[in-house]
Amino acid sequence: MPELPEVETVRRSLESRVLGCTVSGVIVRRRDVIATPDDPPGGFGRQRRLTRAPKRVEKADLLLGDTIEGVLRHGKQLALAGNSERAVLIHLGMTGEVMAPGPGARLRAADHLHVLWTLRRGDGASAGRMVFRDPRRFGGIWTLPDRGALDRRWAELGPDGLAVTGQQLRERAGGSARAIKASLLDQRVVAGVGNIYADEGLFRAGIHPEARAGDLTSQEWDRVARELRTLLCEAVELRGSTLRDYRDAGGFAGDAARLHRVYGRGGEACVSCGNSLASGTVAQRTTVWCPLCQPERYPGSVD
DNA sequence: CGTGGCCCCTGTGGGC
DNA sequence: TGCCCACAGGGGCCAC
């Protein structure tokens, strides 16, 4: 579900609701959406196949007793930082959401609620609940002992998409023979770009999604980076793309889908040239592009 | 080593 | 109406 603009929208809406609140209760309904430092490395799906039951999660590791001092984001990852130096890293996957509806307000959905936090304001009054919900469970939560652990995790990712430069893209992907779209989806190259914004960014930059990353010129990398930054910034201002069920922490939809020029429009007319948009599979993901505005490249062709 | 293929899940919408 | 299939905004692991 969420890419950078959606996660940033969740971050902002969550920050306004939980910053400065103290966690007075934690309920873990599904242990297997949580990874602690003691758990074996890897994704949540792999852990679920383990036959031995993992250890109970210490509620303090999920910030019980902590005051939330920061709501942070890098790429598509979200983090809550507590005053104890502990941190909780949340990845939303395809269908994850974090909701904090406020005291008395009802949640939009009561199923697939995997982790629930009870919050109190500084003056002791109830601030309602914060919940992690994720029907497909491709997302999950990492507990981290301190801010250093969070910094190290985020250092493994590429630069955040809102600030990425052409030089950074070229350094991280310029030597690769794979399709540029695959490179943009690789979170070690740039953090925050997913299937929608990869297609939209490449359309805006006039680059074919299957162009070999290694074939791009410096000027083209600059163009891709500039278009991505602009696109992601515009999408943040519109509070993210709501296609079906994405909502911010208050349950509100975003309007960034109106920025979409190619995503979901295969076979329709290109907004720029009027020709029919092509669609196919690139990097195992449905991909839409304009064959005229994003011309195919041939070995030896000059740009 | 880099890379493509496969897998992890549930829900939904379209065609029959 | 119901069934079945394809597909969905993500990413980790494992053969090559």
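Fair warning: this is a prediction, and the values are worked out from it, not measured in the lab. Per chain, numbering begins at 1; letters A, B, ... match sequence-line order.
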Below 4.0 angstrom, N of the basic side chain to O of the carboxylate: do [X] and [Y] qualify?
X       : Y       : answer
R178(A) : D186(A) : yes
E220(A) : R297(A) : yes
E8(A)   : R11(A)  : yes
R285(A) : D199(A) : no

Is the phosphate of [N], meaning OP1 or OP2, less than 4.0 Å from a side-chain N or O of [X]?
X       : N       : result
Q284(A) : dG5(B)  : yes
R285(A) : dG11(C) : no
H112(A) : dT10(B) : no
K76(A)  : dG9(C)  : no
T95(A)  : dC9(B)  : no

Numerically ordered, the residues 238-270 of chain A set in heavy-atom contact under 4.0 Å with DNA chain C is S241(A), L243(A), R244(A), D245(A), Y246(A), Y263(A)
Go through residues 178-210 of chain A and report each residue with a non-hydrogen atom lying under 4.0 Å from DNA chain C, sorted by number. Q187(A), G194(A), N195(A), I196(A)
Over all atoms of both residues, closest heavy-atom pair of A179(A) and V282(A):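 For A179(A) and V282(A), the tightest heavy-atom pair comes out as CB-CG1, 4.0 Å.
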Give the minimum heavy-atom separation between L64(A) and S24(A), together with the two atoms involved.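 Nearest pair, atom of L64(A) first, then S24(A): CD1-C, 3.5 Å.
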Does the dC9(B) base have a donor-acceptor partner in the side chain of R137(A) within less than 3.5 Å?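 It does not, because no donor-acceptor pair links the side chain of R137(A) to the base of dC9(B) below 3.5 Å.
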May I have the distance from [X] (atom [atom1]) to [N] (atom [atom2]), rounded to whole angstrom?
X       : N       : atom1 : atom2 : value
E156(A) : dG12(C) : CD    : C1'   : 13 Å
E97(A)  : dT10(B) : CD    : C1'   : 13 Å
L232(A) : dG9(C)  : CG    : P     : 16 Å
D134(A) : dA8(C)  : CG    : P     : 18 Å
E6(A)   : dA8(C)  : CD    : C1'   : 14 Å
F138(A) : dG12(C) : CZ    : C1'   : 11 Å
H114(A) : dC8(B)  : NE2   : C1'   : 13 Å

Which value, in whole Å, describes the distance between the [atom1] atoms of nucleotides [N] and [M]?
N       : M       : atom1 : answer
dC6(B)  : dA6(C)  : P     : 15 Å
dG12(C) : dG11(B) : C1'   : 23 Å
dG9(C)  : dT3(B)  : P     : 22 Å
dC3(C)  : dC9(B)  : P     : 24 Å

Would you say V190(A) ends up clustered with I207(A) if hydrophobic residues are merged whenever their side chains have heavy atoms under 4.5 Å apart, either directly or through other cluster members? yes
Could you tell me whether the side chain of [Y] reaches within less than 4.5 Å of the side chain of [X], counting heavy atoms only?
X      : Y       : answer
L4(A)  : V236(A) : yes
V33(A) : F132(A) : yes
T9(A)  : F252(A) : no

Mark yes or no: R153(A) above the aromatic ring of W142(A), with NZ or CZ under 6.0 Å from the six-membered ring centre and no more than 45 degrees from the axis.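 That pair qualifies as a cation-pi contact.
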Test log, rule salt bridge (Lys or Arg N to Asp or Glu O under 4.0 Å), inputs R73(A) and D160(A): CA-CA 9 Å; R73(A) 180 194 60 79; D160(A) 190 73; 2.7 Å; yes
Under 3.5 Å for both pairing distances: what stems, at least three Watson-Crick or G-U pairs long, include DNA chain B? B:2-8 with C:10-16, B:10-16 with C:2-8
Anything under 30° is parallel, anything over 60° is perpendicular, the rest tilted; go ahead and classify Y197(A) against H260(A).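 The arrangement is perpendicular - the two ring planes meet at more than 60°.
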When all nucleic acid strands are considered with a 4.0 Å heavy-atom cut-off, which category describes A177(A): base, sugar-phosphate, or nothing? sugar-phosphate
